[in-house]
Amino acid sequence: RGEQENNCVRLHRAITSNKFFRQKSILVIIAESANDINPMFLSSNIKSMTINIPLPSAQERLDFIKTSMALAQKRSCGFGCQVDEREFARLTAGLTRLSIEDLILQGTSNNPITKKSILNKKEELVGREYSNILEILDASDLSLDDFAGQENGKAYFKEVVIDAIAQDHISIVPKGVLLMGPPGTGKSFFSRCLAGSAGINFVEFKMSKILDKYVGEAEKNLEKAFAVFRALAPVGVFIDELDQALSRGNNDSHSVNKNMFGMFLAELSKPENRGKIIWLGATNYPDKIDEALKRTGRFDKKIPFFAPTNDERKLVFEKRIQKTSPGSANIDYQLLADNTDGFTQAEIEGVVVKALELAIRAGGNVIKQDNLNMALEYMSSAQNERITEMENIALRECNDMEFLPTEYRIRRDKLLGN
């Protein structure tokens with residue numbers, strides 16, 4: 001506005017003049033995003049070119065870390081680091097060179113850099129830089145073995161994601177996977193386990209927080225997020241409640257949504273992203289997702305998630321109790337499974353946490369069978385008509401019977417009148 005607008009006009013006139021073209025001069029404009037530049041400076045009549053400088057790749061981070069550590073060793077206060085260079089490069093995926101340098105400068109012989117300090121600093125830097133629109137999570141300590149149930153899905157992903165990435169057969173890796181079903185059935189946890197097994201980075205992308213009151217800011221934030229995903233590749237990008245996070249918009253008041261929807265579709269459809277960026281969307285209502293997102297080459301692999309079966313509930317209890325209270329013994333897991341018909345993964349975890357709470361309140365430090373029995377009396381499952389409706393929608397939307405256990409295939413046939 002005002003003087004700024006006048007300055008833009010003056011500069012544009014100057015660099016489009018014959019005098020400027022005859023001179024051996026070049027104007028370099030530096031910005032975080034092309035959205036920060038007035039469009040008239042990007043038009044073809046001024047012979048402009050946009051050069052995108054991405055975040056450093058894994059090899060570039062490693063080279064930079066080696067050089068920076070060598071310089072840090074010469075400091076008078078010394079340098080200390082308990083993480084090897086390659087692990088340091090892996091952990092700093094998504095950070096700029098400046099942020100990596102800040103991390104290295106903080107390491108001294110008395111206060112060495114550790115994996116925990118890197119992750120804590122990274123969380124702080126990413127939160128500050130990307131306005132909490134994304135969270136880079138460490139999934140290296142998880143694998144699909146940590147997830148009880150979904151055996152067909154786990155076998156599929158081992159072959160077409162984990163093995164395919166390891167053997168560089170990226171042509172069969174799906175671009176987008178839609179995880180659908182009632183809340184609490186483990187969709188987000190399954191995504192993290194998949195990333196851990198595949199040995200790739202994992203990001204939770206919070207689309208609902210990307211909108212901004214200033215025109216152009218939402219698009220700029222989305223563009224920055226895409227740059228991070230490319231730098232993190234191979235990476236799994238998880239979007240919760242996809243049906244609400246991404247909508248096309250039907251009127252002028254949703255123009256930002258329209259722009260972002262188009263940008264997202266363009267990024268999702270890029271063939272060069274296959275095997276590098278795996279989009280993982282979760283939803284309770286897949287029927288409310290725009291059809292453009294579900295077409296072939298986008299979120300076309302649709303996997304239903306339901307409450308665990310009796311055998312799966314037994315495994316869930318075993319894994320949760322072993323993780324929550326490692327010293328627990330003499331637990332009747334079959335009895336627990338028999339008494340929790342219809343409980344979701346999250347509800348079973350709630351029972352285990354309640355049992356630990358009861359044990360500690362009674363003066364103990366490990367979960368016993370009596371604590372679990374009492375927890376079951378207090379805790380109940382949120383089974384209702386809406387949950388059944390979500391299950392039925394997931395069954396109708398499922399387009400690959402490989403992911404359905406036999407009992408659910410029969411239920412689906414009845415729903416469709418087959």
Side-chain angles (χ1 to χ4, degrees), residues 1-61 63-64 67-68 92-102 125-134 205 207 209-233 248-249 251-273 276-277:
R1 300 297 180 188
E3 189 62 24
Q4 287 184 339
E5 189 172 10
N6 291 335
N7 286 339
C8 277
V9 173
R10 291 192 192 102
L11 180 59
H12 185 263
R13 285 175 180 170
I15 63 176
T16 55
S17 67
N18 289 332
K19 186 176 180 180
F20 183 82
F21 284 135
R22 288 195 298 268
Q23 291 179 342
K24 294 181 179 180
S25 303
I26 184 170
L27 174 68
V28 180
I29 300 176
I30 300 175
E32 286 189 358
S33 166
N35 286 317
D36 287 341
I37 307 299
N38 191 300
M40 65 182 178
F41 292 107
L42 304 176
S43 61
S44 58
N45 68 327
I46 61 170
K47 299 182 180 179
S48 68
M49 175 177 286
T50 301
I51 301 174
N52 291 311
I53 302 176
L55 291 169
S57 64
Q59 186 58 51
E60 289 169 341
R61 291 194 304 273
D63 294 341
F64 182 77
T67 302
S68 300
T92 51
L95 295 184
T96 63
R97 290 175 176 82
L98 183 62
S99 297
I100 295 171
E101 185 179 41
D102 287 343
L125 291 170
V126 169
R128 185 193 312 158
E129 180 70 19
Y130 302 106
S131 306
N132 297 314
I133 62 174
L134 57 88
F205 188 24
M207 286 290 296
K209 295 185 179 181
I210 207 169
L211 295 176
D212 196 279
K213 61 183 178 179
Y214 300 110
V215 176
E217 284 298 306
E219 290 89 338
K220 174 184 172 182
N221 287 336
L222 187 58
E223 189 178 287
K224 288 172 65 177
F226 289 156
V228 175
F229 302 154
R230 295 183 201 114
L232 288 170
R248 193 188 299 264
N251 53 54
D252 292 340
S253 65
H254 291 83
S255 60
V256 172
N257 288 38
K258 288 181 182 179
N259 292 342
M260 291 172 58
F261 190 84
M263 291 173 65
F264 187 87
L265 284 184
E267 189 69 22
L268 182 61
S269 302
K270 288 181 178 178
E272 62 267 28
N273 286 341
K276 296 179 181 178
I277 301 177

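These numbers come from the heavy atoms of this one structure, side chains and all, not from hydrogens, waters or symmetry mates.
Residues Leu222 and Glu219 are not in side-chain contact: their nearest non-hydrogen atoms beyond the backbone lie 4.5 Å or more apart. Inter-residue side-chain proximity for Phe41 and Thr50 is flagged as unmet; no heavy-atom pair is nearer than 4.5 Å. Within the 4.5 Å cutoff, side-chain heavy atoms of Leu134 are placed close to those of Phe229. A 4.5 Å side-chain heavy-atom check between Thr96 and Leu55 finds at least one atom pair inside the cut-off. The side-chain heavy atoms of Val9 and His12, taken from C-beta on, include no pair separated by under 4.5 Å.
Rounded to the nearest 0.5 Å, atoms CG (Leu95) and CZ (Phe64) are 11.0 Å apart. Rounded to the nearest 0.5 Å, atoms CG (Asp63) and CZ (Arg97) are 9.5 Å apart. In this structure, CE in Met263 is found 8.0 Å from CG in Asn259, a value given to the nearest 0.5 Å. In this structure, Ile100 CD1 and Glu60 CD are separated by 10.0 Å, a value rounded to the nearest 0.5 Å. Taking CD1 of Ile53 as the start and CD1 of Ile30 as the end, the distance is 7.5 Å to the nearest 0.5 Å. A distance of 10.0 Å separates CG in Leu27 from OG in Ser48, rounded to the nearest 0.5 Å.
For the pair Ala14 and Phe20, the tightest heavy-atom approach, listed with the atom from each and the gap, is O-CB, 3.2 Å. Nearest heavy-atom pair across Arg61 and Pro56 is NH1-O, 3.0 Å.
A donor-acceptor pair is defined here as one N or O able to donate and one able to accept, closer than 3.5 Å; no such pair exists between the side chain of Ser269 and the backbone of Ala266.
In this view, Glu5 satisfies the side chain to side chain contact (heavy atoms under 4.5 Å, CB included) rule with no residue, not counting sequence neighbours. With sequence neighbours excluded, the residues satisfying side chain to side chain contact (heavy atoms under 4.5 Å, CB included) with Glu32 are Asp36, Glu129, Lys220, Lys224.
Salt-bridge formation is detected for the pair Glu267/Arg230: a Lys NZ or Arg NE/NH1/NH2 atom is positioned less than 4.0 Å from an Asp or Glu carboxylate oxygen.
Surrounding CD of Glu272 are more than 12 heavy atoms belonging to other residues, nucleotides or ligands, all under 6.0 Å away. A 6.0 Å sphere centred on CZ of Arg10 holds more than 12 heavy atoms belonging to other residues, nucleotides or ligands.
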